[in-house]
Amino acid sequence: MTQLAELAARVLDDPEGWPQDPKEAIALQRRMADRVHEEPLDVDGVRLVAGLDVSYAKDDPALAAAAVVMDARTLEVVERVTVTAEVTFPYISGLFSFRELPPVLSALTELTTTPDVLVCDGFGLAHPRRFGVASHLGVLLDHPVVGSAKSVLHGRHSVPGDERGSWTPMVSGRSEVVEDSARLADEGAEVIGRVLRTRERVKPVYVSVGHRVDLAGAADLVLRLSPKYRVPEPIRRADRLCGERRKEYEQERARDRSAE
DNA sequence: GCGACAG
DNA sequence: ATCTTGTCGC
């Protein structure tokens, strides 16, 4: 077992880490948020990245999670793993990690390679308590994590230019589109993320620091992981993979139910 | 109290 | 997130 896989298993087994009550979950986020660290990310030095995602069934607690490890330069798939499980926490905006991380960690337990950076479908610091799923995962594993989300949860931002690579800062505050968020940043507002156009004239993605990366490096990495589509390739692949696995799992469960 | 609200 | 057909654009 790799060190990362072992760590994931240990963290998963810690009963203290997985409150069932939203009140306790929020308290846990508040206690852990100061453990998030930002450090320079050498994007050219990144070899392997893992995209992580979870797929849920409609009227069934069944879910599947996937981790897809890719070469950051060639975008060649190096490893793919899936796990199936059942939901253990409801979806509550702001408490996403308590629903998503148990299956994600379970998938990481199966990896035989060690990605340099993990990419989460969601936010890190761009969160009301600065502790989105990417930060939560990063702190638990003490590993570099980048958050890449498809819509806004928290923060004020303006709309980036139409060209691929164009971006604007997200600054602290309730969700709102403003005239010039770069000016707010210059005036000292806390920068919590970056709105990044990964495809010309296509809705941008929202990048934020999860843990042990810096925002510019995170955005550079996301851009280079998205040469063709809006969403970073590792997340796209993980999304597709866990979706397929989840449907299979639903069928298996339906068969098992009718067999008894 | 009202509106916002990752996946 | 999930469900779901056609349709618009490069």
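Between A:K150 and A:D121 there is a salt bridge, with a side-chain nitrogen of the basic residue lying less than 4.0 Å from a carboxylate oxygen of the acidic one. In summary, A:R212 and A:E39 engage in a salt bridge, as defined by a charged side-chain N under 4.0 Å from a carboxylate O.
Between chain A and DNA chain C, the heavy-atom contact criterion of under 4.0 Å yields a 5' to 3' nucleotide range of C:dA1 to C:dC3.
Remark: P of B:dG7 and NE2 of A:H127 are 13 Å apart, rounded to the nearest angstrom. Here the C1' atom of nucleotide B:dG7 and the CZ atom of A:R246 are 13 Å apart, to the nearest Å. Summarising the geometry, the separation between CZ on A:R156 and P on B:dC5 is reported as 15 Å, rounded to the nearest angstrom. Rounding to whole angstrom units, CZ of residue A:R174 and P of B:dC5 are separated by 9 Å. Atom P of nucleotide B:dG7 and atom CZ of A:F98 are separated by 18 Å, given to the nearest angstrom. A:L101 places its CG atom 12 Å from the C1' atom of B:dG7, with the value rounded to the nearest Å. A:E176 has its CD atom 11 Å from the P atom of B:dC5, to the nearest Å. Between A:R194 atom CZ and B:dA6 atom C1' the separation is 20 Å, expressed in whole Å.
OP1 or OP2 of B:dG7 sits under 4.0 Å from a side-chain N or O of A:K150. At the phosphate of B:dA4, neither OP1 nor OP2 sits under 4.0 Å from any side-chain N or O atom of A:S175. At least one side-chain nitrogen or oxygen of A:S151 sits closer than 4.0 Å to the OP1 or OP2 atom of B:dG7. The phosphate of B:dA6 (OP1 or OP2) has a side-chain N or O of A:Y91 nearer than 4.0 angstrom.
The CG atom of A:L223 sits 12.0 Å away from the CH2 atom of A:W167 when rounded to the nearest 0.5 Å.
Base engagement by A:L95 is indicated by at least one non-hydrogen atom pair under 4.0 Å involving a base atom. The residue A:G147 sits apart from the nucleic acid: no heavy atom pair falls under 4.0 Å. Residue contacts shown for A:Y56 are limited to sugar-phosphate atoms, with no base heavy atom under 4.0 Å away.
A donor atom on one side chain and an acceptor atom on the other are not found under 3.5 Å apart for A:T114 and A:Q3.
When A:H136, A:Q29, A:H154 are each tested for a side-chain contact (heavy atoms from CB on, under 4.5 Å) with A:H127, only one passes: A:Q29.
DNA chain C is contacted by both A:R201 and A:V54; A:V54 maps to the nucleotide lying nearer its 5′ end (nearest heavy atom per residue).
A donor-acceptor pair under 3.5 Å links the side-chain atoms of A:R99 to the main chain of A:F89, judged by distance alone.
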